[in-house]
Amino acid sequence: MLRDYQSSADGNRFPELAQRAHQLEVALRGRLETLAQPAPQVAFVAHKGVGKSTLINGLSGLWLDGELPSSDASPTQLNKQAVLPLGNGGTTPCEIVLRPGKWEVQVEPERDEDTGRLVQQFAEWAWHKAHDLSSPASSPSGTDETDDPSGEPSPTARPPRLQPDLERVLWGLTGLKQEKVASGAGKLTGGRSGKTTTVHHAVEEARNFESKEAFVDYVLQRTRLPERRRIQWLPDGEPRTWLRHMLLSLFKGELADQPFPRRVVIQGPFEALHWNGHAVPLVDTLGLPAVTTDKDAAPGSRRAYPLADRADLRALLKQPWTLLVLASSFNEPPAPAVELLTQMVEERGYFGETLAERTVVAIVDAGRAGAGNFEDKETERETKEDRCAENLVQIGCPGWPAPDVRWTVDDARQRVRCVNILDGGTPELHVFLEESLARLAAAHSRLLEDAAAQAREFFRTLANAKRRALYNQVVKELGASVQAAIIVSRGNLRALGANLLRPFADECQQLHPSSLRSLVQWKGDGTQNAWALLEFATSRALTRRIEPLFTTMHVKAEELRQRDMFEDSDSAKLIDAEIEQQRRQLDAFVQGFTTAAVQAAKEQMLADDLLWVRCYQEWGTGVKQPRYKDRVAAHFEMWGEHHATPLGAAIAQQLPARLEEVSTAVQQIVTALLD
């Protein structure tokens, strides 16, 4: 009916109504497609060492002897009994997906060129380590086991060390491991006593090469990337023991024909979550490093925006059927999940309207309850759940679709659960997550019902001239009310358009030195992903600059409700629906503009080798001239100023295709903003 109306005589006579019918049709079709192709999965996201893998082992019943460890099991004992390796996140170099089925391990390999970049960084770090006279590892008698990636660059400007979980794979792929060996008295007793020293064989081998390039080629040859093509392993022996051994070997790069893993899919007859009669896959994500707040951060430390450089997690946040389990520390909930929650709320419009229903918090107990000053274990868990729920309310969850929508503590409480896997917590967690999946499916159904209701309301009011006049009046009044706010936002957007890279440059100044170096060395595709960071900076900056529009519309809506002509309940609903719709469409504008801007900037930046070379040179002189971060940021900022005109033209060319769902009323606002 909506499509027929668009081509009807009435639709031709009233193009604004035809446009609204098109908008409603697009929304309704999108809701139907989402519900017609459900793909639920549960992704566990947290910082390293919080307990993601422990939760997944418990949910799947992945214990070597098939029995739950005792409630007083130590972390060491727990690790020995777990099929999925535990250990502060240091054993998992990639995303792991668990799917019920026959025993099998499949690897989605990293591209050879991406693996090659990791190998090159690994080799360059080792060569500089071996030839840097200020390093303990350069002396014949010692090595350095604690080369901290967070340290400032040395005068030789050696590249940053890879993350431990990535480096561990390369130790096996190259055969150049780091290991502890007995020294001094320990040698006489077979290493059973005395001191040990850490030997990094890549560093030792690098001493034999005068040329860094020759050593990089040597290490690349040792890796044998073209020969590593096996992506499937089947059980050999007792399946659980085999699976643990296989994963440990895979994550250590010990299998002769394995590629570097991008994603590992594990199948087996696991205990599984279910939704609508189907088993639901579990996703263990790569652990986030520890973060601090911007206010208290030490120079060179990470910022409190853990999603800014993680394209994999940002992709999960956009998927409408992914239930996100944010694992939180038991000792101090909701830390460290609060950094994730805060950023998700800040970017809620970009990650989608079901984000609130797709997010829950699991406080990982693992047998630690009872040690605090509480009456009993259960009281401690309930108190910490309450504390976490209160924090969700304080940071403004859910904040969608309108910023003034807030959960009560009771609402938030439904999204939080303290889980003790070792003390009967697994069944409770099963129920909690299956209820959350049901709530997620209900949210999608509710959105479909809302879209259908809006379509019915459209036809119900179509023949009512008064209703149509009221609608037009609401749109007119809201449009007139935002003119002053448009002027303010237009100025802000023009400032942003004059240099799209200024927010990106500001973010670069906050990066860890090794992350900044990785970004500029690999032209945006290093361990620090420039394009995820640019997406984050642009989305955040754009949202802040049009925020006055949202505030003004809500103020005007309250004024309209006080007028005689809008005092009935139907008119109030119409005003609320229009406010909500314009909010959604302006968020669609933010999404579309951000996507177009990032794509346009990426294409032009990748074509400018000089930009990256200059930034890399600034990084290399960082010790002699400590304000190198400012200078790197200045290069990006100057590049943005110089390319503002062609970049704006490229964005304008891509933008119309990104704004198909923006209605005529909002397009007028958008046009005024971009004029």
Side-chain angles (χ1 to χ4, degrees), residues 27-28 30-46 55 273-276 278 280-283 285 307 313-328 334 337-338 340-363 385 388-417 419 429-454 576 580-581 583-584 587-588 591:
L28 193 58
R31 308 300 187 203
L32 286 168
E33 290 175 353
T34 299
L35 276 173
Q37 299 177 350
Q41 62 179 357
V42 180
F44 295 79
V45 183
L55 289 175
L273 297 172
H274 288 85
W275 175 81
N276 204 21
H278 299 285
V280 178
L282 305 181
V283 181
T285 60
L307 299 177
L313 295 183
R314 295 178 71 85
L316 282 174
L317 286 167
K318 298 174 188 177
Q319 295 176 11
W321 280 102
T322 297
L323 178 67
L324 299 146
V325 181
L326 305 186
S328 181
V338 66
L340 283 164
L341 285 165
T342 301
Q343 188 182 345
M344 288 162 62
V345 170
E346 288 181 355
E347 292 194 83
R348 58 188 176 271
Y350 192 75
F351 292 138
E353 57 198 327
T354 59
L355 181 63
E357 301 298 346
R358 292 191 285 114
T359 305
V360 297
V361 177
I363 308 172
E385 287 179 350
C388 201
E390 290 167 0
N391 195 269
L392 290 178
V393 174
Q394 289 172 3
I395 64 177
C397 292
W400 181 275
D404 55 345
V405 176
R406 295 290 184 270
W407 286 335
T408 65
V409 173
D410 289 339
D411 292 331
R413 194 70 168 71
Q414 299 178 35
R415 275 84 173 175
V416 182
R417 190 70 79 246
V419 183
L429 181 59
H430 265 275
V431 172
F432 173 61
L433 294 180
E434 288 180 349
E435 288 176 348
S436 300
L437 286 167
R439 188 165 56 240
L440 169 58
H444 285 303
S445 297
R446 187 168 59 251
L447 289 173
L448 175 60
E449 292 171 1
D450 290 345
Q454 289 182 30
D576 291 340
E580 178 180 335
Q581 193 62 39
R583 174 78 194 210
R584 291 177 188 270
D587 281 330
Q591 292 182 0

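Basis for what follows: all heavy atoms, side chains included, without hydrogens, waters or symmetry-related copies. Computed from a predicted model, the values in this text were never measured in an experiment. We're numbering straight along the sequence, starting at 1.
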*So, Q394 and E390: side-chain donor and acceptor under 3.5 Å apart, yes or no?*
no
*Working to the nearest 0.5 Å, report the span between CG of L440 and CG of L433.*
12.0 Å
_Looking at every non-hydrogen atom in both residues, tell me the closest pair between A362 and L55 and how far apart they are._
CB-CD1, 4.1 Å
*Atom pair CZ (R415) and CG (L341), whose distance is rounded to the nearest 0.5 Å*: 12.5 Å
*Mind running side chain to side chain contact (heavy atoms under 4.5 Å, CB included) on V325 and V45 for me, showing each step along the way?*
CA-CA 6 Å; V325 181; V45 183; over 6 Å; no
*Can you measure from CZ (F44) to CG (L323) and round to the nearest 0.5 angstrom?*
8.0 Å
_Looking at every heavy atom in both P40 and P281, which two are closest together, and how far apart are they?_
O-CD, 3.4 Å
*A327 to A337 - nearest heavy-atom pair and separation*: O-CB, 3.9 Å
*Taking all non-hydrogen atoms of both residues, which atom of T322 and which atom of Q41 are closest, and how far apart?*
OG1-NE2, 3.0 Å
*Could you tell me whether a side-chain N or O of D411 sits under 3.5 Å from a main-chain N or O of T408, the two making a donor and an acceptor?*
yes
*Quick one: are L448 and H444 in side-chain contact, heavy atoms under 4.5 Å?*
no
*Measure across L28 and A452 and return the closest heavy-atom pair with its distance rounded to 0.1 Å.*
CD1-N, 3.7 Å
*Would you say the side-chain atoms of R417 pair up with the backbone N or O of V361, donor to acceptor, closer than 3.5 Å?*
no
_Regarding Q414 and E435, do their side chains bring together a donor and an acceptor under 3.5 Å, going by distance alone?_
no
*Nearest-0.5 Å distance, CE of residue M344 to CG of residue L317*: 5.0 Å
_side-chain hydrogen bond (donor to acceptor under 3.5 Å, both in side chains) between Q37 and E33, worked out_ = CA-CA 6 Å; Q37 299 177 350; E33 290 175 353; over 6 Å; no
*Going by an N to O cut-off under 4.0 Å, is there a salt bridge joining E357 and R446?*
yes
*CD on E347 to CG on L307, rounded to 0.5 Å*: 7.0 Å
_Just verifying a value: how many Å separate R31 CZ and D450 CG, rounded to the nearest 0.5 Å?_
8.0 Å
*Donor-acceptor pair, W321 side chain versus A441 backbone, under 3.5 Å?*
no
_Residue pair L392 / V409, side-chain heavy-atom distance below 4.5 Å_ = no
*asked:* To check you understand the geometry: which heavy-atom pair defines the closest contact between V360 and F432, and what is its length?
replied: CB-CZ, 3.8 Å
*asked:* Just so I know, are the side chains of V419 and I363 near enough to count as touching, which here means a heavy-atom distance under 4.5 Å?
replied: no
*Any donor and acceptor pair, going by atom type alone, linking the side chain of R439 with main-chain N or O of S436 inside 3.5 Å?*
no
_Any heavy-atom pair between the side chains of L447 and T34 that's under 4.5 Å?_
no
*With side chains defined as the heavy atoms from C-beta onward, is the minimum distance between P38 and N276 less than 4.5 Å?*
no
